[in-house]
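Notes to accompany the following structure.
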Amino acid sequence: MNALALPAVGLPTVFTISFISATLLPLASEPAVFAVIKSNPSLLWPAILVATAGNSLGGAVDYWLGFGAKKAVSEELGGRWFGWLARFGPRAMLLSWLPVVGDPLCVLAGWLKLPFWPSLFYIAMGKFFRYVVLTWILLRIPDGIWHQIGAWLG
């Protein structure tokens, strides 16, 4: 665990995991972020910022996947099913932090050709908020509970 917290290893790992987890692949970045911060508390803000950057860039990849997919699928389907997203526009990307629906939401933003830069701005805001809140919550859990969880997991 301490090896992962080294700035030379920990932050690139956090970036990579955060980037991959923002795509449609089922991977959670929060455990990696928390492990780095717990092992090296001085990396709190760098880890959150690196995770936000990686997760936001992954969201941008999702956006462009949706943008490209629109060319391959009927225009009628998108307008009928996802008109609500078009009404909210890029601000809806604040919800990109949500589990399960956040990453597909980024794909839909590209599908609907929402403005890219405002969408990316709101994606980054939502993801930053998620990392700050989850890290704050996890850091408030007493160490004794983490030891019990570790013992339980074996």
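Open room surrounds CH2 on Trp136; 12 or fewer heavy atoms of other groups in view lie less than 6.0 Å from it.
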### Query
side chain to side chain contact (heavy atoms under 4.5 Å, CB included) between Val133 and Trp97: does it pass, once the steps are laid out?
CA-CA 11 Å; Val133 170; Trp97 67 271; over 6 Å; no
### Residue pair Leu139, Phe34: steps toward the side chain to side chain contact (heavy atoms under 4.5 Å, CB included) verdict
CA-CA 8 Å; Leu139 287 174; Phe34 184 65; 3.7 Å; yes
### Message
Evaluate Val36 against Thr13 for side chain to side chain contact (heavy atoms under 4.5 Å, CB included), listing each step before the verdict.
### Response
CA-CA 9 Å; Val36 168; Thr13 301; 6.0 Å; no
### Test side chain to side chain contact (heavy atoms under 4.5 Å, CB included) applied to Thr135 and Ile37, step by step
CA-CA 8 Å; Thr135 301; Ile37 292 170; 3.6 Å; yes
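Linking Ile, Leu, Val, Met, Phe, Trp and Tyr whenever their side-chain heavy atoms come within less than 4.5 Å puts Val14 and Leu27 in one cluster. Side-chain heavy atoms closer than 4.5 Å link hydrophobic residues (I, L, V, M, F, W, Y) into clusters, and following such links, even through other members, never connects Val101 to Phe129.
Here CZ of Phe88 is found 11.0 Å from CG of Leu105. Values are rounded to the nearest 0.5 Å. With values rounded to the nearest 0.5 angstrom, Ser56 atom OG is found 6.0 Å from Leu120 atom CG. Ile123 contributes atom CD1, which lies 10.0 Å from atom CG of Leu57 (distance to the nearest 0.5 angstrom).
Scanning all heavy atoms of the two residues, the minimum distance from Pro90 to Pro115 falls at CG-CD, 3.8 Å.
At least one donor-acceptor pair under 3.5 Å links the side chain of Thr23 to the backbone N or O of Ile20. Between the Ser21 side chain and the Ser18 main chain, a donor and an acceptor come within less than 3.5 Å of each other.
Pairs passing the salt bridge (charged side-chain N to carboxylate O under 4.0 Å, His left out) check and including a residue from residues 114-131, sequence neighbours excluded, read Glu30-Arg130, Asp103-Lys127. The side chain to side chain donor-acceptor pair (under 3.5 Å) pairs that include a residue from residues 117-126 number zero, where partners must be two or more places apart or lie in different chains. For residues 132-146, every residue pair satisfying the salt bridge (charged side-chain N to carboxylate O under 4.0 Å, His left out) rule, not counting sequence neighbours, is listed here: Lys38-Asp143.
In this structure Tyr63 satisfies the ring-ring contact (aromatic ring centres under 6.0 Å, His included) test together with Phe116, sequence neighbours excluded.
Contact check for Phe19 versus Val61: side-chain heavy atoms found under the 4.5 Å cut-off.
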List, one per line, each side-chain donor-acceptor pair under 3.5 Å for residues 41-54, sequence neighbours excluded.
from  : atom 1 : to    : atom 2 : distance (Å)
Ser42 : OG     : Asn40 : OD1    : 2.7
Thr52 : OG1    : Ile48 : O      : 2.8

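Clustering of Ile, Leu, Val, Met, Phe, Trp and Tyr side chains at separations under 4.5 Å leaves Leu134 isolated, with no partner residue.
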